Amino acid sequence: HITLFNSTLDQQWIKNFGGQVNSVDIGDILTDTGYDVVAGSSDGNVYIINSSGSQNCSFNFGSPVNSINVGNVSTDIGDEIAIGGGIEVSVINSTCNQIWSRSLSSSVYGVSIGEVDSSNSGNEVIVVADNIYIFNSIGTSIRNITIGSTINTVSIGDITSDSGNEIVVGLNNGTVYAITSTGTIKWGYNIGSIVYSVSIGDTTSDNIGNEIAVGAGDNKIYQLNSSGNFIWSYTTGDDVRGVAIGEITADSLNETVGVSVDQNVYILNFNYYPTNVSIDVGNDGDYDWTYLTSEKLRTYTNITNSSIGQS
C-alpha cells in the first residue's frame, strides 16, 4: 500500500494494491486540482492516484515495476510517467495510455526524466541497468554510457556551477557518480555499501550548488556537496531504500526524507547546525579558539588546552 502524510507526518489517506509498492513519485498529471501520486507495484501495474486518494487509472506494465518517475517528457501540456522494470522501459500519459516502449538487454533498475541534451526537443529519459541509457522524448536512443558496475538508481539535476544538468547514479559497488550527458565523470564518492537511492536538491546554506542525498545499505542517509565531498550522515535502523529532497516544513531550505527498512520515515534538515563556533576563555571579549568560520559544525571536534593557548 501507499500512505500520504502531511509535513507533520499525520496520515491523510492510505491506498492498498495487489502487490508490493516498489516505487512512488508525485507530479501534476491530472487536470484536477492538487498533485497526483503514482505508484509502481510488484503486481506489474502502475497506478495514478489523485490528491484525495482516489484511483484515476492503472497501466499494466507486464512485469514487476522497479522504478517510476514523473516529468514532462514531451512538449505537450502536463506530465508523463517513465516506467522501468524487467528489461523494459515505457512512457505513459495521464490516461494510462502507452506513448512508447523500448527493450534493453539487461534488467532496468531506475528511470529519471530531465533535460541533459539541449539539442533535443523535450526532456530525455535516463534509464539505468548494466549501463546508462539515454532516450529522447520520442524514445530514440541518443547514447549509452558504460560505468562498469550494476546501477541501481539515477537522478537528474544541476549540481555544478557550469550550465546544464548532470546525471547522478548510485551503484551496487557503493559508488556515487556525477556524470555529464556525454559520459564524462565529474566526480565519484564511495559510500562503502550498496547505494539504493539518490536525490538532488539544495539542502544547505553554506555549500555552493545543490547537494546529493544518498540512501545506502549500511543503514545511513548521506549528504554530499556538489563537488562530491561528504557533508554528514544519519544512521537509521536498517537499509535506506529511498531518499528524496523537498520543502516540507515552513522554515528555509529543503529537507531530506529517507525511508528505511526499519519501517520508519525520517525527515532531516542538514542546515540546523551552528556557524562561527568560538570559545572565549575568561570572557574578555577575545576568542581563544574558532571553528572554521565559513562552515557549520555538523559533527564534533576535540579541543585541547594547547588549542586555545592554555597550559
Side-chain angles (χ1 to χ4, degrees), residues 110 112 114-118 124 126 128 131-132 134 143 145-149 151-218 220-235 240 242-247 252-258 266 268-277 290-301:
S112 187
E115 184 180 16
V116 294
D117 190 338
S118 58
E124 286 75 46
I126 314 301
V128 293
N131 295 316
I132 301 172
I134 304 178
R143 68 181 60 87
I145 302 171
T146 301
I147 295 297
S149 178
I151 308 163
N152 295 322
T153 178
V154 58
S155 185
I156 300 171
D158 188 12
I159 60 173
T160 61
S161 57
D162 56 7
S163 61
N165 291 325
E166 285 74 40
I167 303 168
V168 174
V169 294
L171 278 60
N172 245 359
N173 67 10
T175 305
V176 178
Y177 284 116
I179 305 168
T180 68
S181 62
T182 57
T184 300
I185 295 177
K186 290 198 168 185
W187 52 258
Y189 183 89
N190 191 270
I191 296 295
S193 179
I194 182 172
V195 177
Y196 288 114
S197 181
V198 293
S199 183
I200 299 171
D202 188 12
T203 60
T204 64
S205 60
D206 55 327
N207 289 282
I208 298 173
N210 287 325
E211 286 74 47
I212 298 93
V214 182
D218 60 357
K220 292 182 179 179
I221 301 168
Y222 290 86
Q223 205 83 11
L224 308 178
N225 68 14
S226 60
S227 300
N229 297 314
F230 173 84
I231 298 176
W232 201 63
S233 66
Y234 182 88
T235 302
V240 179
V243 292
I245 294 173
E247 186 174 358
S252 61
L253 291 179
N254 296 319
E255 283 71 42
T256 299
V257 178
Y266 297 85
L268 309 174
N269 190 310
F270 286 88
N271 206 48
Y272 287 161
Y273 297 92
T275 307
N276 299 324
V277 178
T290 300
Y291 181 76
L292 303 172
T293 56
S294 62
E295 298 182 11
K296 293 179 179 288
L297 181 58
R298 289 191 170 87
T299 54
Y300 66 90
T301 185

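Atoms considered below: every heavy atom in the structure, side chains included; atoms not considered: hydrogens, waters and symmetry mates. Along the sequence shown, the residues carry numbers beginning at 1. None of the values given here were measured: they were computed from a predicted structure.
Scanning both residues, S199 and A244, for their nearest heavy atoms gives OG-CA, 3.6 Å. Nearest approach of A216 to I191, heavy atoms of both residues: CB-CG2, 3.9 Å. Of all the heavy atoms in G217 and S193, the pair that sits closest is C-OG, 3.1 Å. Shown here for T180 and I145, the closest heavy-atom pair between the two residues is O-CD1, 4.1 Å.
In this structure, L224 and I231 have side chains that are not in contact, with every pair of non-hydrogen atoms separated by 4.5 Å or more. Considering only heavy atoms from C-beta on, N152 comes within 4.5 Å of I194 through its side chain.
The aromatic rings of Y189 and F230 sit parallel to each other, their planes meeting at less than 30°, with 60° as the upper class boundary.
Partner V169 forms a side-chain contact (heavy atoms from CB on, under 4.5 Å) with one of V176, V198, I151 and no other, that one being I151.
With R143 contributing its side chain and S181 its backbone, the two residues share a donor-acceptor pair below 3.5 Å. Side chain of E124 to backbone of V116: a donor-acceptor contact under 3.5 angstrom is found. Side-chain atoms of S233 never come within 3.5 Å of backbone atoms of Y222 as a donor-acceptor pair (strictly under, hydrogens ignored). T256 contributes no side-chain N or O that, together with a main-chain N or O of L268, makes up a donor-acceptor pair within less than 3.5 Å. A donor-acceptor pair under 3.5 Å links the side-chain atoms of W187 to the main chain of S226, judged by distance alone. Side chain of N165 to main chain of E115: a donor-acceptor pair is present (N/O by atom type, distance under 3.5 Å, no hydrogens or angles).
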Problem set entry | Stepwise side-chain contact (heavy atoms from CB on, under 4.5 Å) test for I221 and Y266 | CA-CA 9 Å; I221 301 168; Y266 297 85; 4.2 Å; yes
Problem set entry | Test log, rule side chain to side chain donor-acceptor pair (under 3.5 Å), inputs Q223 and T203 | CA-CA 9 Å; Q223 205 83 11; T203 60; 2.6 Å; yes
Exercise. Would I147 and I132 count as a side-chain contact (heavy atoms from CB on, under 4.5 Å) if you check the C-alpha gap in whole Å, the side-chain angles of each, and the deciding distance to 0.1 Å?
Worked result: CA-CA 8 Å; I147 295 297; I132 301 172; 3.9 Å; yes
For this session: Could you walk me through whether I200 and I156 pass the side-chain contact (heavy atoms from CB on, under 4.5 Å) test, one step at a time?
Result: CA-CA 7 Å; I200 299 171; I156 300 171; 5.7 Å; no
Exercise. Taking it one step at a time, do L171 and V195 satisfy side-chain contact (heavy atoms from CB on, under 4.5 Å)?
Worked result: CA-CA 6 Å; L171 278 60; V195 177; 5.9 Å; no
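Residue pairs meeting the salt bridge (charged side-chain N to carboxylate O under 4.0 Å, His left out) criterion with at least one partner in residues 167-193, sequence neighbours excluded, are D162-K186, E166-K186.
Looking at residues two or more places apart in sequence or on another chain, you find a side-chain contact (heavy atoms from CB on, under 4.5 Å) between D202 and N210, E211, L253, N254. Qualifying ring pair (Phe, Tyr, Trp, His ring centres under 6.0 Å) partners for Y196, counting only residues two or more places apart in sequence or in other chains: none.
When only modelled atom types and interatomic distance are considered, T175 and N173 share a side-chain donor-acceptor pair under 3.5 Å.
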